[in-house]
Amino acid sequence: MYRASNFIPDPYQELLDAKPLRSLAPMFPAPMGVNVNQSSTPPLVCVTPVGQFPTGFGAGNLPAFGSFATFSVTANGVSYAGTSANGPIDATPISAYKTRSGMPVDGDDPYSGNQTLSSERKRRGRPPGSGASRADGSNVHMTFEALRRRHLQMDETQDASRRADLKAGAIMMASNIRANSGKRVGTVPGVEIGDIFYFRMELCVIGLHAPSMGGIDYMTTKFGNDEDSVAICIVSAGGYENVDDDTDVLVYSGQGGNSRNTEERHDQKLERGNLALERSLHRKNEIRVVRGFKDPFCLTGKIYVYDGLYKIHESWKERTKSGINCFKYKLLREPGQRDGAAIWKMTQKWITNPATRGSVLLADLSSKAEMLPVCLVNEVDHDKGPGHFTYTNQVKYLRPLSSMKKLQGCGCQSVCLPGDSSCACGQHNGGDLPYSSSGLLSCRKPIIYECGDSCNCSTNCRNRVTQKGARLHFEVFRTTNRGWGLRCWDPIRSGAFICEYAGEVIDELKVNLNDSEDDYIFQTVCPGDKTLKWNCGPELLGEDSPYVTADEFEPLPIKISAKNMGNVSRFINHSCSPNVFWQPVQYDHGDDRHPHIMFFALKHIPPMTELTYDYGVAGAESSGSGSRRTKNCMCGSRNCRGLF
DNA sequence: GTAGAATCAACGTA
DNA sequence: CTACGTTGATTCTA
């Protein structure tokens, strides 16, 4: 983590970092490195001979490879010009990409989360392309998720699953809260290659793929003086016998005739989507491709990955195994795009066999302190690793837990259930259990109380999530311009628990004594709107907001230093357009002023996307002593505040 | 303008 | 865990 300067031009910057992976992999087929087996010397640690600086800023001149001297971070006041950030590796992909998709990703033309549903309804009937439909895709997506989470929470309370995705979608449609509602050929503003989705309705509300079930989206558009009906987006999700093993080729089946009962099966006809695909073959227009994958964390679930633009190169008829005549369309991925589904397949391979990951400096930075190994990689320069620290996933408190206030427990048999008014933990959390049945956070709150030792319920209780620890395949990686960062091989769903901010709780009075610790101190500074409005669902439904606004926000006294000891959290960089947020959680003691700091996904995070959270604006609370230094943020997103 | 048909969902249950 | 049945939303088509 390198806090003095930060360049994250947009939330998808990480994939630019990811890009070199494939190109570099053949050059470094074997782990490069050092101390792959650390088990004899826990708790580790690796030491960097060249410190925390990117090459080209002094430290890189040191000829110190291989010598293991301890370093301390001395990153005071260094700032970089944006141009110096260009590493030799990702320059070409960046420019190639940027000319393709002209729109910024995370703009700040938000549909305001303060409006109620009823006021939104007045927007009905606006023509496409105006008003709310122009709203930024990221905000629309997050609004959908917030509504879906709230509906799911209410449905689970009544023990009735009624498709929260469709309910949220219906509200979005009725209020015209959607992005890119006018159909188009080619790139959709705000949707990046590699973006992931968990429901078809998500594709719909952001304007990537309009049909809620159908696999082929098409429209009539002009080609010179002609008009033609052409395909604009297809979903390949396993419903037909498609050939999609190759990352750049897709053999897509036409639609129709594919009924589950044999009586209804019939040959496909050249109409609707099939006709559009045929016309696209002749018109050679770009077609967006969404590929479906099995969700590794939910065996019945599916994840949709946007894989960029393809073109149809040939078509033919073919008799399928089920005996019907079927149209086949061979699509090739347009060159010059960054990897989408390819990254997915690559990381899945690494998860199955971590030895296949190249450029590895250390197979497990945590020395088995985490359930899953934490990979340390560098594929951008010769830095051998972050400065010395002790890996721990615990928080070291000032006082022993036994001397702290006890947390009250519930008396539930077996597991706690939503809607059970006799569950003390549910009441403690304001009436609702904070997590869905699949363990996702429903709502950001000032503090969350998980069940603990004083509860009667079992460890299977859904109100025990963060206490079980991180279960992701993390990777600490070298960034091109902001020191070390954290990313993950797994897809992370919005609301999923990521990790705790581990380290040493420090006394507020001592904060200013050791300035070099400043870069690794966590404080509950008020975050930006993206984080505060994470749960705008209730507001849109006319309910009271369960969280506070920036004005009402009150920081907690807790401060945690990860300088000398910590976990992967210490490598999470700042962004004004973050994909992670912090959330206080209690489960093993009752001192609400010193809770655990847990990180959750702010939105769906594709594999290999850098994790970032909003450090907040330092000094905003005017607390004088104890507030950390303000630093210039160069993150470059349109809603960058300039400081953090 | 509108009803009906078509469709590579998503859940719950067996 | 896979199969099957149920309840579906959006958009296209007639």
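Chain letters run A, B, ... following the sequence lines, proteins first and then strands; every chain starts at 1.
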Closest to the A:R272 side chain: C:dT13, C:dT10, C:dA9? C:dT13
Is A:G256 touching bases, backbone alone, or none of the nucleic acid, heavy atoms closer than 4.0 Å? sugar-phosphate
A:R163 side chain, from C-beta outward: closest of C:dT2, B:dC8, C:dT7: C:dT7
Closest to the A:Y252 side chain: B:dC8, B:dA10, C:dC12? B:dC8
Do A:N242 and B:dC8 have a side chain to base donor-acceptor pair shorter than 3.5 Å? yes
What is the nucleic acid contact for A:T300, judged by heavy atoms within less than 4.0 Å: base, sugar-phosphate only, or nothing? nothing
Nucleotide nearest A:M213 (side chain, heavy atoms from C-beta), chosen from B:dC8, C:dA9, C:dT10: C:dA9
Side chain of A:R260 - closest among C:dG5, B:dC11, C:dA9: C:dG5
Give one of base, sugar-phosphate or nothing for A:R200, where a contact means two heavy atoms less than 4.0 Å apart. sugar-phosphate
Base, sugar-phosphate or nothing for A:K183? Non-hydrogen atoms, less than 4.0 Å. sugar-phosphate
Determine the minimum heavy-atom distance between A:P189 and A:N180, stating which atoms define it. O-ND2, 3.2 Å
Report yes or no: is the ring centroid of A:Y218 under 5.5 Å from the six-membered base ring centroid of C:dC12, with the two planes under 30 degrees? no
